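Heads up: the structure comes next, in structure tokens.
Counting convention: from 1, in listed order, for ligands and their atoms alike. These numbers were taken from a predicted model, which means no experiment stands behind them.
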Amino acid sequence: MQTIDKFNFAGKKAFVRVDFNVPLNENSEITDDNRIRAALPTLKKILADGGSVIIASHMGRPKTNPDMKYSLKSILAHVSELLEVDVKFAPDCVGEEATKMASELKAGEAMMLENLRFYAEEEGKPRGEFANDEEKDAAKKVLKESQKAFTAKLASFADCYVNDAFGTAHRAHASTALIAKYFDENNKMFGYLMEKEVTAVQKIMTDTARPFTAIMGGSKVSSKFEIIENLLTKVDNLIIAGGMTYTFAKALGGNVGESICEIDKLDMALELLEKAKANNVKMVLAVDAKIADAFSNDANTKFVKVGAIPDGWEGLDIGPETEKIFAEVIKASKTILWNGPTGVFEFENFTHGSRSVGEAIVEATKNGAFSLVGGGDSVACVNKFGLADGVSYVSTGGGALLEAIEGRVLPGIEAIRGF
Ligand code: AMP
């Protein structure tokens, strides 16, 4: 397999798919540029080799072409500043101008294409209203054909293809997967960010040092069922935290008061407990909770046993006894995956549990464990608590990481690696 480090980009044009879908405020100013910074090593390596880059990304979910609210022009100046190169802008990702600009691009130069998702061909999903399924299927067929032309056009701009967009690796879109077919094995590769993400997932899922502990938090067991089910074939310990604690507690016959609880998912929780037993996985459930008399940071609080929450009260975080139990398991682990907070960490008074889990992970990492934090809110947690530098890897991919943990093949990875 080709790698970015081995590849010499001198005299080559590289089509680089990045994820520059950064959050913007109402004045179209970037509020968090981490995604841009994450792709810089790849872009800089290509330019330093004497290659040129065609930067391609999506932004938001535009429904028409164009929808200037989602124009990548808003981020052009900042990309130029960070890359330390005057990045040119193609106002239409596949138009005549883009073609001309790409053909005239010289060594050491960079250009950025307008939002790929201005075209429905990028995602391959027909837009608009359809009277019935037949009409929709017909539109899909037409789009499939124009998607081929769209993909071929993008591919024609460059000599090689680099995918550095892990955040969209779980999508089989034109620029994230289909385009790879237009380049032979030696001329397509992951960027540095993508390489790091793929290696991190591999360390968790295949080259696992034991014991392996996963901490699954967040709000609902239903949204994490498949992940937990797959993890039960991989981990030694599975810590259940966050809102799903109360679905398990209720399923086991406890009182959960007003806590978030999926009453129709009690069987699902029991099924997971059974599977854990069958697979010899230690399920670690919370034993005490910090409960509140309202869903508010300023609510009255107290600590009680998880299955003994009075009516009118709800569990918004784990209690001190649980913190201790979780920390012991985490600190004895050699591989750790953390997805989802232990409580409503958005409220300062209910951050303690998530912070203590984060701190235990940092300590385990210091002692040689490999720790991966990813999938939305746990990333927000480690950033909020200033713990990001103390874990082995913080993933940039939400949905993509979760699908990889579910054991699914990600089209963006498969298109380059072949599996
Ligand atoms: P998820 O997107 O499923 O990972 O869930 C993250 C969300 O779960 C965060 O917004 C947390 O506030 C929420 N959460 C965690 N613990 C609880 C809890 N005990 N009660 C209600 N929400 C919770």
Margin query: Holding to ring pair (Phe, Tyr, Trp, His ring centres under 6.0 Å), I want the full list of residues that pass it with Tyr119, two or more places apart in sequence or in another chain.
Written below: Phe150
Margin query: Does Arg61 have more than 12 heavy atoms from other residues, nucleotides or ligands lying within 6.0 Å of its CZ?
Written below: no
Are there any protein N or O atoms under 3.5 Å from the N or O atoms of ligand 1? List them with distances, or say none.
unit_1	atom_1	unit_2	atom_2	d
ligand 1	3 (O)	Ser219	N	3.2
ligand 1	3 (O)	Ser219	OG	3.3
ligand 1	4 (O)	Lys224	NZ	3.1
ligand 1	5 (O)	Ser219	N	3.1
ligand 1	8 (O)	Ser219	N	3.3
ligand 1	10 (O)	Glu346	OE2	2.4
ligand 1	12 (O)	Glu346	OE1	2.7
ligand 1	12 (O)	Glu346	OE2	3.4
ligand 1	16 (N)	Gly243	N	3.2
ligand 1	19 (N)	Gly315	O	2.9

Note to self: Less than 6.0 angstrom separating the ring centers of Phe295 and Phe347, yes or no?
What the structure shows: yes
Next item on the list: Using a strict cut-off of less than 4.0 Å between a Lys/Arg side-chain nitrogen and an Asp/Glu carboxylate oxygen, indicate whether Lys305 and Asp288 qualify as a salt bridge.
Entry: no
Next item on the list: Any side chain to side chain donor-acceptor pair (under 3.5 Å) involving residues 388-399? Give me the pairs, sequence neighbours left out, ordered by first then second residue.
Entry: Glu197-Tyr393, Glu197-Ser395, Glu197-Thr396, Ser371-Ser392
Next item on the list: Using the test side chain to side chain donor-acceptor pair (under 3.5 Å), find all partners of Ser222 that sit at least two apart in sequence or belong to another chain.
Entry: Glu262
